Number of protein chains: 2
Amino acid sequence: MGAEDRRPATIYDVAERAGVSIATVSRALHGSSLVAAKTRDRVVEVARTLRYNPSQAGRQLAQGRYMAMGIVFPDLAGPYYAEVILGYEDRVAAHGCSVLILATHRRPNAEELAMDLAGRVDGMVIMGRTIADRVVARIADQRPVVLLARPPVGEIESINADNTASAERLTEHLLGHGYQRFAFLGDPRESPDVGGRYAGFRSALAAAGRRVPRPIRCGFSVAAGHEAALALLRKPHRPQALVCANDEVALGVLSAADELGLSVPAEVAVTGWDDILAARPARLTTVRQPMRELGATAASWLHERILGERVGGRHEVLATELVTRASCGEHPG
Amino acid sequence: MGAEDRRPATIYDVAERAGVSIATVSRALHGSSLVAAKTRDRVVEVARTLRYNPSQAGRQLAQGRYMAMGIVFPDLAGPYYAEVILGYEDRVAAHGCSVLILATHRRPNAEELAMDLAGRVDGMVIMGRTIADRVVARIADQRPVVLLARPPVGEIESINADNTASAERLTEHLLGHGYQRFAFLGDPRESPDVGGRYAGFRSALAAAGRRVPRPIRCGFSVAAGHEAALALLRKPHRPQALVCANDEVALGVLSAADELGLSVPAEVAVTGWDDILAARPARLTTVRQPMRELGATAASWLHERILGERVGGRHEVLATELVTRASCGEHPG
DNA sequence: GCGCCGGCTGAAAGCGCTTATGGTAATTCG
DNA sequence: CGAATTACCATAAGCGCTTTCAGCCGGCGC
C-alpha cells in the first residue's frame with residue numbers, strides 16, 4: 001500500500017533529476033525531434049526510475065483537450081447498451097481517447113451529472129430518453145454531441161437503427177404465416193426505438209388491411225413481459241402472434257405461455273428484438289441490430305468533429321436483420 | 001451545431017459580466033458562506049445566462065483531485081462485467097465522482113492505456129487477467145487500487161466471489177444425484193475465477209473418493225462451449241454431468257446436446273455459472289454471484305482510501321448462491 | 001473620536017503541463 | 001577568420017480553476 005502518502009512524481013522532479021528544463025522533459029517524452037537523442041534517452045531513463053506518470057489534468061488544461069469522450073445511457077441491464085458501449089469504447093480507444101460513462105437510471109440529478117460529464121470530455125454520445133431536450137441542446141452548444149437511439153433535437157447529429165422498416169418486415173413475415181390476431185407488447189412512449197417498432201408494426205398491418213391493435217404497455221424486463229402476457233393470454237379471444245418490444249419481454253412471454261400450457265408457436269407465436277444471447281436457446285425469432293456499429297460510428301463522427309473537420313448535421317439510419325427461429329411458426333413455403 | 005466554434009464561457013467571463021473577481025464566482029457557485037446572498041444570486045444568474053459550465057480540467061489541477069474513478073476489465077461481452085460495472089458506477093456516482101472505463105480485450109497496448117487511465121482518476125479497479133502484476137504494482141504505487149476477480153498482487157486490496165466454496169457445493173449437489181462421470185469445461189488458467197471453480201470441483205470429487213478429470217479447456221463463449229461439448233459427448237464413454245465455467249459455455253453445451261439428440265438432464269446433466277438472463281429460459285442450474293455488490297464494494301473501498309481513511313489491506317470474499325433448475329437432474333430427496 | 005472586529009471581496013499564488021519565444025553554443029559557409 | 005546558420009535547450013507565459021491571505025468598509029464598544 002502506501003499509495004496514499006507517496007506523492008507521484010511530477011515533470012519537475014524528472015527535470016531536476018535529469019538536469020534539464022521541464023520543457024525538454026515534455027518534448028523528450030513526446031518524441032519531439034527538437035531534442036538530442038542523448039538527452040532524450042537520459043530523460044526517458046530518469047522518468048522510468050522515478051515512475052513518472054504525467055498528470056492528465058495538466059495536459060488537459062495546457063492543450064485544451066481532454067482526450068476523452070463520454071457516453072450517457074439509461075442503464076446497463078441487458079446486453080443492448082453494453083454492446084453499444086463496447087463498440088464505442090473500442091473506436092474511441094483507437095482514436096487515443098478514454099471513455100467516460102454515465103448511467104442515468106432515473107437518477108433525479110441525471111441532467112446535472114450529464115453537464116458535469118460534458119465538462120470532462122471533448123465530445124459525447126447521448127442515448128435514449130435520458131436527458132431533456134433543453135439540456136441536450138445546452139451541451140451540444142459547447143461540445144460535439146451525437147444522439148443515439150434518441151429522437152432528434154434540433155440539428156444535432158443522430159444515428160438510429162432502422163426500427164420501422166424492420167418492424168414492417170417482421171410483421172409481414174408473421175402475416176405470411178397466416179396469423180389473424182396480433183398484439184404488440186411494449187410502450188412506444190418509453191423509447192423512440194419502441195415507437196419506431198410500433199409504427200412499422202402498425203403500417204404493415206394497415207397495408208394488409210388488418211385492424212391495428214393498441215400497444216400493450218409494459219416495461220422492458222422479463223418480469224414485465226411475463227405479467228403482461230399472463231393477462232393477455234388468458235383472454236378468450238387471445239392473440240395468435242405477440243410482437244414484443246425487445247427480447248427480454250419476449251422471454252417473459254415465453255415463460256408465461258409455458259406456465260399457461262400454451263405451446264409456442266403452435267398456439268401462440270412470439271417475436272422479440274435485439275437478438276440477445278438468450279434468444280437463441282429460447283428459439284426466439286427476433287431482429288438483430290448492429291449495436292457495436294452504432295457505437296463505433298458515433299465515436300468516429302465525434303472524432304471528426306473534434307478534429308474540426310467541417311462536417312454537417314449527419315443523420316444515419318442503420319439497417320437491421322430479421323432472424324427467424326422457431327417461435328414465430330413453421331416457416332411457410 | 002456550431003459547437004466547434006463557440007468557445008465555452010470561462011470563470012473569467014462570468015466574473016467580468018457580474019462585476020466581481022473570479023474568486024467570488026468560484027465561491028458563489030459552490031455555495032460558500034463567505035459570499036453575500038445578493039452577490040451570490042447575481043453571479044448565479046450571470047452564470048446561467050452565459051451557460052457557464054466549469055472546465056473540470058481546471059478544477060482537477062487546482063484541487064489535486066479528479067473526482068473520477070476508473071475500472072479496467074477484459075471485455076463487456078456477456079452480462080458479468082456489465083453488472084459489476086453497473087454496481088460500480090452506481091456507487092461511484094453516489095460519491096459524486098465520474099467513471100472512466102477501459103476494456104482491454106487483448107489490445108497490445110493495454111498496459112499503456114491503463115497507466116494513462118491511472119493519470120486521470122483518483123483511484124481504480126482492476127479486474128481479471130487484464131494487466132501484468134508489474135504494472136498493477138506500479139499503478140497501486142501512486143493511486144489507490146482495488147483488485148476484483150483477480151489473483152492477489154502484493155498487499156493490494158482485493159474482492160472476490162467465493163468460487164471454490166460454491167463449486168464444492170455445486171459438485172456435491174451433482175454427486176447427490178448419483179452421477180458417476182464428470183467433466184469440467186473451461187480453462188482454469190484463463191481466469192482466477194475459473195481457477196477457483198475448478199479447485200472446488202476437484203476438492204469435492206476428491207473428498208467423495210472420485211477420480212478427478214482434467215479440465216476441458218475451452219473459451220468463454222457459447223460457440224466454444226458448443227464445439228467442446230460436441231467432441232466430448234460423441235465419445236463412447238461420455239460424461240454424465242458437465243460442469244461449465246460459465247453460463248455461456250453451458251448454453252453452448254445445451255445446444256450441442258440438442259444437436260446430438262441427447263436429452264438434458266436425463267442423458268446428460270449441465271451446469272453453468274453467473275445466472276445470466278438466458279439461464280432461466282434454458283432451465284440451467286447455475287451459481288448466482290453478487291456481481292453488483294462486487295462493484296459497489298470496490299467503489300466504497302476506493303472512496304474511503306481516497307478520503308485518506310487509514311484502512312489497511314482488506315481482502316473480502318463474497319458469498320454466492322446455488323440456483324438449481326432442471327438442467328442438473330430431477331432434484332433428489 | 002479612536003481602535004477593533006466581523007463580514008465580504010479581491011489580488012495573487014499555484015496546481016502540472018504544453019508551447020511559443022529567445023538565447024547560446026556548435027557548426028557551416030563565404 | 002568572421003558571419004550566418006543550425007541544433008539544442010531554457011525561460012516564461014498561459015490553460016481555468018481553488019484557496020490563502022490581505023484589505024476594505026461599516027458598525028461596535030470605549
Side-chain angles (χ1 to χ4, degrees), chain A residues 7-44 46-47 50-68 96 115-116 118-122 142-143, chain B residues 6-44 46-47 50-68 96 98 115-116 118-122 142-143:
Chain A
R7 199 182 56 82
T10 74
I11 198 173
Y12 290 95
D13 302 324
V14 178
E16 189 181 10
R17 182 89 163 251
V20 297
S21 74
I22 60 167
T24 302
V25 173
S26 175
R27 282 189 282 252
L29 296 181
H30 287 103
S32 161
S33 61
L34 290 174
V35 54
K38 221 172 101 180
T39 337
R40 172 164 40 75
D41 293 347
R42 184 157 37 97
V43 169
V44 168
V46 169
L50 250 39
R51 298 176 177 285
Y52 170 64
N53 195 22
S55 152
Q56 299 298 324
R59 309 195 66 198
Q60 288 165 6
L61 199 52
Q63 58 185 21
R65 275 203 55 188
Y66 288 91
M67 298 304 283
M115 288 298 299
D116 180 278
R120 311 172 160 264
V121 297
D122 298 316
Q142 40 185 37
R143 297 261 187 283
Chain B
R6 211 178 343 283
R7 198 182 57 85
T10 74
I11 198 172
Y12 289 96
D13 302 324
V14 178
E16 189 180 9
R17 182 90 163 252
V20 297
S21 73
I22 60 166
T24 302
V25 173
S26 175
R27 282 190 281 250
L29 296 181
H30 288 100
S32 162
S33 62
L34 289 174
V35 55
K38 221 172 101 180
T39 331
R40 172 164 41 74
D41 292 347
R42 184 157 38 97
V43 170
V44 168
V46 169
L50 251 40
R51 300 178 176 282
Y52 171 63
N53 195 22
S55 152
Q56 299 299 324
R59 310 195 64 199
Q60 289 164 4
L61 198 51
Q63 59 186 21
R65 274 203 58 188
Y66 287 92
M67 298 304 283
S98 295
M115 289 297 299
D116 179 278
R120 311 174 161 262
V121 297
D122 298 317
Q142 39 186 37
R143 298 263 187 283

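Order of the sequence lines sets the chain letters (A, B, ...), proteins ahead of strands, with each chain counted from 1. Just so it is clear, the structure is predicted and the values come from calculations on it, not from any experiment.
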For this session: Identify whether any heavy atom of B/G19 sits under 4.0 Å from a base atom; if not, whether one sits that close to sugar-phosphate; answer base, sugar-phosphate or nothing.
Result: sugar-phosphate

Problem set entry | Separation of atom CZ in A/R40 from atom C1' in D/dA7, rounded to whole Å | 14 Å

Seminar exercise, completed: To the nearest angstrom, the OH-P distance between A/Y66 and C/dT18 comes to 16 Å

Exercise. So, do A/Y12 and A/V25 sit near enough that their side-chain heavy atoms are less than 4.5 Å apart?
Worked result: no

Give me the distances for all protein-to-nucleotides 12-17 of chain C N/O pairs that come in under 3.5 Å?
unit_1 : atom_1 : unit_2 : atom_2 : d
C/dC15 : O2     : B/L61  : O      : 3.3
C/dC15 : O2     : B/A62  : N      : 3.2
C/dG16 : N2     : A/G58  : O      : 3.2
C/dC17 : OP1    : A/Y52  : OH     : 2.6
C/dC17 : OP1    : A/S55  : N      : 2.9
C/dC17 : OP2    : A/I11  : N      : 2.4
C/dC17 : O5'    : A/Y52  : OH     : 3.4
C/dC17 : N4     : A/Y12  : OH     : 3.3

N/O donor-acceptor pairs under 3.5 Å from side chains in residues 15-22 of chain B, not counting sequence neighbours:
unit_1 : atom_1 : unit_2 : atom_2 : d
B/S21  : OG     : B/A23  : N      : 3.4
B/S21  : OG     : B/T24  : N      : 3.4
B/S21  : OG     : B/T24  : OG1    : 3.4

Exercise. Does anything in residues 27-40 of chain B pair up under side-chain hydrogen bond (donor to acceptor under 3.5 Å, both in side chains), and if so which pairs, sequence neighbours excluded?
Worked result: B/H30-B/R59

Exercise. With a 4.5 Å limit on heavy-atom distance, are the side chains of B/I11 and B/S26 in contact?
Worked result: yes

Exercise. Taking five pairs at each end, how big is the angle between the two axes of the helix from C/dG1-D/dC30 to C/dG30-D/dC1, to 10°?
Worked result: 60°

Exercise. Does the B/D122 side chain pair with the main chain of B/M67, one donor and one acceptor, at a distance under 3.5 Å?
Worked result: yes

Problem set entry | Residues that B/R51 engages under salt bridge (Lys or Arg N to Asp or Glu O under 4.0 Å), provided they are two or more places apart | none

Problem set entry | Residue met sooner reading DNA chain C from 5', once B/S33 and A/T24 are mapped to nucleotides | B/S33

Exercise. Taking only residues two or more places apart in sequence, or in another chain, which ones meet B/S55 in a side-chain hydrogen bond (donor to acceptor under 3.5 Å, both in side chains)?
Worked result: A/Y66

Problem set entry | Gap between atoms CG and P, on A/L34 and D/dT6 respectively (whole Å) | 14 Å

Exercise. Is any side-chain heavy atom of B/N53 closer than 4.5 Å to a side-chain heavy atom of A/Q142?
Worked result: yes

For this session: Let me know the distance between CZ of A/R27 and C1' of D/dA10, rounded to the nearest Å.
Result: 8 Å

